[in-house]
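In listed order, ligands and their atoms are each counted from 1. Bear in mind the structure is a predicted one, so any value in this text is a computation, not a measurement. Throughout, residue positions are numbered sequentially from 1 according to the sequence presented.
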Amino acid sequence: MARIDLQGVARTYDDFALQPTTLSLPDRSFTVLLGPSGSGKSTLLRLVAGLERPDAGRILLNGRDVTEAPAEARGVGLVFQEGALFPHLDVAANVAFGLRVRGEPARERVEELLRLVGLEGFGKRRVARLSGGERQRVALARALAPRPAVVLYDEPLASLDRALREDLREALRRIHDEAGLTSVLVTHDRDEALALADRLVLMREGAVVEEGEPRALFRGPRTAFTARFLGAANVVDGWLVPPDAVRVEADPQGDARVVARRFAGFHEEARVRLASGQEIDARGPVGSFPAPGSPCRVAWDLARAKRLSA
Ligand code: ADP
Ligand code: MG
């Protein structure tokens, strides 16, 4: 069991304030903290980890108040953007580190973990010789070694190239499910967030803007910020218009103009400049959009547009 409750947790720095934040992260949930750089994601994660103390509020792990407990006492695994491995130790010794510290037998556990992260047989390699993706896998195995119920990730895939990122993303989700973890991951990458999260917590300027199940947030964003950040809808005159509800027709008399068109395999995307000068995104079957530069008329399906409440 590993449920995390934040009750009015706040932290102020000289130039930044994490607003009082209340969140309940259920046992075995995968929560993603998503937001632009500087929105306070890492601050919130460090508070949960115990690397930082809040100025106000309480943090509970399974109902136990850990607000003042040091990081080591929380039983939480941590994985950061750069694995911060011990370069002079081999892979096995890195993974075993947390076990040795506690005097626990390591050998079988290390082999099991290396299998879990797809690095079977890598035990004797020097970490200095590993690729970025392999290093992150080692960092993950090391964090999991002491069998934490909670694992916290801060942009663990940000330094990897795209193919590797998607690969490791799947590994993270699989390990989460298989080990029955409660995971919290920080990212500014919306694709990663949508792919991984059971619960998405969207942050902006030190505050939670919206939270919920990713599909629900994507389909029914309540704020213009959520709509834009998730790429879920255009915001036009106080309406939220999803790109796939936008129709674009070539028309020499039209007052709009296609400014870009992108073929994306199974579908096509276009960016269109309206008469007002605003640019919006459209998405449709291949062949839906006139060539860039074409004058056009734009319409959208009103039944699919939503009034912005705020
Ligand atoms: P994110 O992870 O969303 O990019 P952070 O939580 O790292 O954002 O940082 C939010 C803001 O708090 C930033 O403006 C950052 O400069 C500031 N900040 C973070 N840690 C500290 C600190 N230890 N001292 C002072 N300012 C900090
Ligand atoms: Mg950060």
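- A salt bridge does not link Arg173 to Glu170: none of the charged nitrogens lies less than 4.0 Å from a carboxylate oxygen.
- Contact residues of ligand 1 (protein heavy atom closer than 4.0 angstrom to a ligand atom; sorted by chain and number): Tyr13, Phe16, Pro36, Ser37, Gly38, Ser39, Gly40, Lys41, Ser42, Thr43, Arg46.
- Only protein N, O or S atoms were scored, and 1 of them lie under 2.8 Å from the Mg ion (ligand 2).
- A salt bridge links Arg11 with Glu52: the closest approach of a Lys/Arg side-chain nitrogen to an acidic carboxylate oxygen falls below 4.0 angstrom.
- Salt-bridge check for Arg137 with Asp167: passed, with a basic side-chain N closer than 4.0 Å to an acidic carboxylate O.
- Listed by first and then second residue, the salt bridge (charged side-chain N to carboxylate O under 4.0 Å, His left out) pairs involving residues 284-307 are Asp244-Arg304, Glu249-Arg297, Asp251-Arg297 (not counting sequence neighbours).
- Note: Phe97 and Phe86 have tilted aromatic rings, judged against thresholds of 30 and 60 degrees for the angle between ring planes.
- Salt bridge annotation for Arg283-Glu268: absent, with no cationic side-chain nitrogen under 4.0 angstrom from a carboxylate oxygen.
- The pair Arg3-Asp27 does not count as a salt bridge, with every side-chain nitrogen at least 4.0 angstrom from each carboxylate oxygen.
- The ring-ring contact (aromatic ring centres under 6.0 Å, His included) contacts involving residues 54-75 comprise nothing, where partners must be two or more places apart or lie in separate chains.
- Between Val32 and the options Leu202, Asp198, Val184, Thr187, a side-chain contact (heavy atoms from CB on, under 4.5 Å) holds for only Thr187.
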